[in-house]
Amino acid sequence: MPELPEVQTVIDGLNQKIINQTISKIKVLRKGITNCSLLPIVGEKFLKLDRRGKYIIFHLSSELVMIGHLKMTGKFIVTSKYAKYHRHDRVIFFLGDQSKLIFNDIRCFGRLELIDSAELLEKFKNMGPEPWDSKYNPLYLKKKLENRRIPIKTLLLDQNLVAGIGNIYASEILFEAGIHPEKPGYLIMASEFKQIIKSTRKILKQALKYNGTTISDFRRVDEKTGEFQNFLKVYGRQGLACRICGEKIQKLRQNQRSTFLCPSCQN
DNA sequence: AGCGGAACCTGTCGGC
DNA sequence: TGCCGACAGGTTCCGC
């Protein structure tokens with residue numbers, strides 16, 4: 001479900017609801033979600049939230065940091081402590097103000113991990129720059145892509161290249177950039193590096209503005225959907241007319257994942 | 001090192 | 001109606 005815009009939307013929602021709240025009790029309803037017991041953070045407060053790529057970083061009033069990843073179907077929902085449980089609720093944090101923070105995840109791929117704050121740098125040391133970081137620049141892309149034989153679409157999904165892009169936005173970014181998703185890294189030209197960076201920022205910024213994309217599972221912290229699905233130009237539109245040229249949108253399989261493109265606008 | 005495929009889980013949808 | 005396979009926003013591990 002969640003790529004950078006969805007994760008940021010969740011963080012924005014959580015910022016309004018859990019900051020300065022004390023954790024009074026934690027219920028873990030499913031094993032395998034956490035790397036260790038969450039008991040050490042009972043009694044602590046949520047002080048501040050950060051995002052790195054698709055990870056949510058919960059800074060607490062202690063040396064410990066909780067790191068969350070939603071993977072495909074994870075959700076954070078804040079409701080009244082009296083709201084009934086849902087089928088896929090996995091971890092519940094009871095908060096001081098009579099609300100509860102629920103980690104709900106249909107497929108159980110998502111994770112909540114406690115680490116020492118001193119380990120944060122180490123945790124993300126291999127992750128690529130954020131899309132708005134000046135380190136994400138044409139020279140950087142040239143260095144990282146010039147010897148790669150695999151398709152640019154697959155490369156954009158590599159979190160060690162650039163952080164936060166997933167399967168929906170990879171297709172949308174390459175459509176915006178006018179580049180064919182099967183073009184291998186080493187054949188990308190200098191002008192196209194610039195275009196990829198520009199398109200990455202433009203698409204992600206638009207998606208952020210509309211609170212992310214809801215295809216099926218993604219929900220905001222208040223359970224509303226995102227709205228960017230209404231603005232997708234290729235993802236999920238196979239067989240429909242390209243909004244620019246009228247050509248039929250195609251669907252491909254790359255590395256066991258769907259890719260969408262306009263064969264006439266992208267080459 | 002780079003690359004492809006399987007695995008991790010659960011649910012839904014389409015075809016027969 | 002029912003069964004079966006394919007597919008779903010992600011990441012990691014394994015083997016070549």
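Here is the naming used below: chain letters follow the sequence lines, and residue numbers restart at 1 for every chain. Quantities reported herein were computed from a predicted structural model and do not represent experimental measurements.
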**Student:** Starting from P on dC13(B), measure out to CG on Asp217(A) and report it in whole angstrom.
**Tutor:**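 In whole Å, dC13(B) P lies 11 Å from Asp217(A) CG.
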
**Student:** In whole angstrom, what separates Tyr169(A)'s OH from dG9(C)'s P?
**Tutor:**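 After rounding, the reported distance stands at 12 Å.
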
**Student:** What interatomic distance, in whole Å, is found between P of dC3(B) and the corresponding atom of dG9(C)?
**Tutor:**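 Looking at atom P only, dG9(C) and dC3(B) are 22 Å apart.
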
**Student:** When you get a sec, tell me which of dT11(C), dG2(B), dG9(C) is the closest nucleotide to the side chain of Lys54(A)?
**Tutor:** dT11(C)

**Student:** Just to confirm, is there a sub-4.0 Å distance from OP1 or OP2 of dT10(B) to any side-chain nitrogen or oxygen of Arg30(A)?
**Tutor:** yes

**Student:** Taking only residues two or more places apart in sequence, or in another chain, which ones meet Lys25(A) in a salt bridge (charged side-chain N to carboxylate O under 4.0 Å, His left out)?
**Tutor:**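 Applying salt bridge (charged side-chain N to carboxylate O under 4.0 Å, His left out) to Lys25(A) gives none.
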
**Student:** Going by the rule ring-ring contact (aromatic ring centres under 6.0 Å, His included), which residues pair with Phe94(A) if we only count those two or more places apart in sequence or in a different chain?
**Tutor:**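 By the ring-ring contact (aromatic ring centres under 6.0 Å, His included) rule, Phe94(A) matches no residue at all.
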
**Student:** Side chain to side chain donor-acceptor pair (under 3.5 Å) with Tyr140(A): which residues, sequence neighbours excluded?
**Tutor:**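 With neighbours one apart ignored, the set is empty.
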
**Student:** Clusters formed by hydrophobic residues whose side-chain heavy atoms approach within less than 4.5 Å: which one holds Leu240(A), and what are its other members?
**Tutor:**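 Leu240(A) clusters with nothing; isolated.
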
**Student:** Side-chain N or O of His88(A) versus OP1/OP2 of dC9(B): is the shortest distance under 4.0 Å?
**Tutor:** no

**Student:** State, without any angle test, whether Asp12(A) and Gln16(A) hold a side-chain donor-acceptor pair at a distance under 3.5 Å.
**Tutor:**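 The answer is no; no qualifying pair exists.
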
**Student:** Does a donor on one side chain sit under 3.5 Å from an acceptor on the other, for Glu44(A) and Ser61(A)?
**Tutor:**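 Result is yes, a qualifying pair exists.
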
**Student:** Whole angstrom is fine here: how far is it from CD in Glu6(A) over to C1' in dG10(C)?
**Tutor:** 12 Å

**Student:** dT11(C), dA8(C), dG9(C): which one has an atom nearest the side-chain heavy atoms of His69(A)?
**Tutor:**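 Given the options dT11(C), dA8(C), dG9(C), the side chain of His69(A) is closest to dT11(C).
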
**Student:** Looking at Arg257(A), I'd like to know whether one of its side-chain N or O atoms comes within less than 4.0 Å of OP1 or OP2 on dA8(C).
**Tutor:** no

**Student:** Strictly by modelled atom types, are Thr73(A) and Asp217(A) linked by a side-chain donor-acceptor pair under 3.5 Å?
**Tutor:**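 On atom types as modelled, these side chains do not qualify, holding no pair under 3.5 Å.
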
**Student:** Could you tell me how far dC7(C) sits from dG5(B) if I compare only their P atoms? Round to whole Å.
**Tutor:**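 Pairwise P distance, dG5(B) against dC7(C), rounds to 14 Å.
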
**Student:** Taking only residues two or more places apart in sequence or in another chain, which ones pass side chain to side chain donor-acceptor pair (under 3.5 Å) with Glu130(A)?
**Tutor:** Arg51(A), Arg52(A)

**Student:** Rounded to the nearest angstrom, tell me the gap between atom CE in Met72(A) and atom C1' in dC9(B).
**Tutor:**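 My rounded result for the distance is 11 Å.
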
**Student:** Distance only, no hydrogens: is a donor on one side chain within 3.5 Å (strictly under) of an acceptor on the other, for Asn104(A) and Asp89(A)?
**Tutor:**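 Yes, Asp89(A) and Asn104(A) have a side-chain donor paired with an acceptor closer than 3.5 Å.
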
**Student:** Taking both distances under 3.5 Å as the test for a Watson-Crick or G-U pair, what stems of at least three pairs does DNA chain C have?
**Tutor:** B:2-8 with C:10-16, B:10-16 with C:2-8

**Student:** Distance check needed: dC3(B) P versus Leu157(A) CG, whole Å only.
**Tutor:** 14 Å

**Student:** Expressed as a whole number of angstroms, how long is the span from Ile215(A):CD1 to dC13(B):P?
**Tutor:** 14 Å

**Student:** Please list, chain by chain and in numerical order, all residues satisfying salt bridge (charged side-chain N to carboxylate O under 4.0 Å, His left out) with Lys194(A), sequence neighbours excluded.
**Tutor:**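 Lys194(A) satisfies salt bridge (charged side-chain N to carboxylate O under 4.0 Å, His left out) with no other residue.
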
**Student:** Across the strands shown, which category fits Arg149(A) at heavy-atom distances under 4.0 angstrom: base, sugar-phosphate, nothing?
**Tutor:**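 Sugar-phosphate contact only.
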
**Student:** Could you report the tightest heavy-atom contact between Val162(A) and Leu156(A), atom names first, then the distance?
**Tutor:**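 Looking at all heavy atoms of both residues, the shortest contact is CG1-O, 4.4 Å.
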
**Student:** Looking at Lys123(A) and Glu119(A), does any basic side-chain N land under 4.0 Å from a carboxylate oxygen?
**Tutor:**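 Looking at Glu119(A) together with Lys123(A), the answer is no, because their closest N to O distance does not fall below 4.0 Å.
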
**Student:** Look at Ser258(A) and dA8(C) and indicate whether a side-chain polar atom (N or O) is within less than 4.0 Å of OP1 or OP2.
**Tutor:**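 For dA8(C), OP1/OP2 do have a side-chain N/O of Ser258(A) under 4.0 Å.
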
**Student:** Strictly below 4.0 Å, heavy-atom distances to any atom of DNA chain C: list the hits from residues 104-119 of chain A, or just say none.
**Tutor:** Arg107(A), Phe109(A)

**Student:** Polar pairs (N or O, both sides) under 3.5 Å between protein and nucleotides 12-16 of chain C?
**Tutor:**
none

**Student:** For residues 250-265 of chain A, which residue pairs qualify under side-chain hydrogen bond (donor to acceptor under 3.5 Å, both in side chains), counting only residues two or more places apart or in two chains?
**Tutor:** Lys153(A)-Thr259(A), Arg253(A)-Ser258(A), Gln254(A)-Thr259(A)

**Student:** Using the P atom as the point on both nucleotides, what is the distance between dC9(B) and dC3(C), in whole Å?
**Tutor:**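 One P to the other, the span is 24 Å.
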
**Student:** Roughly how many Å apart are dA1(B) and dT11(C), using the P atom of each and rounding to a whole number?
**Tutor:**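 After rounding to an integer number of Å, I get 22 Å for this pair.
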
**Student:** Taking atom P of dG10(C) as reference, at what distance in whole Å does atom CZ of Phe218(A) sit?
**Tutor:** 13 Å

**Student:** Tell me which nucleotide among dG9(C), dC9(B), dC7(C) gets nearest to the side chain of Arg253(A).
**Tutor:**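 Taking heavy atoms from C-beta onward, the closest nucleotide is dC7(C).
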
**Student:** Rounded to the nearest angstrom, tell me the gap between atom CG in Leu4(A) and atom C1' in dG9(C).
**Tutor:** 13 Å

**Student:** Residues in side chain to side chain contact (heavy atoms under 4.5 Å, CB included) with Ser199(A), at least two apart?
**Tutor:** Ile173(A), Glu176(A), Ala177(A), Gln195(A)

**Student:** Charged N to carboxylate O under 4.0 angstrom, Glu192(A) versus Lys142(A)?
**Tutor:** no

**Student:** Extract from the structure each pairing of a protein N or O with an N or O of nucleotides 4-6 of chain B at less than 3.5 Å, listing the distance.
**Tutor:**
residue: dA6(B); atom: N7; partner: Gln256(A); partner atom: OE1; Å: 3.4
residue: dA6(B); atom: N7; partner: Gln256(A); partner atom: NE2; Å: 3.1

**Student:** What's Phe228(A) touching, base or sugar-phosphate or nothing? Going by heavy atoms closer than 4.0 Å.
**Tutor:** nothing

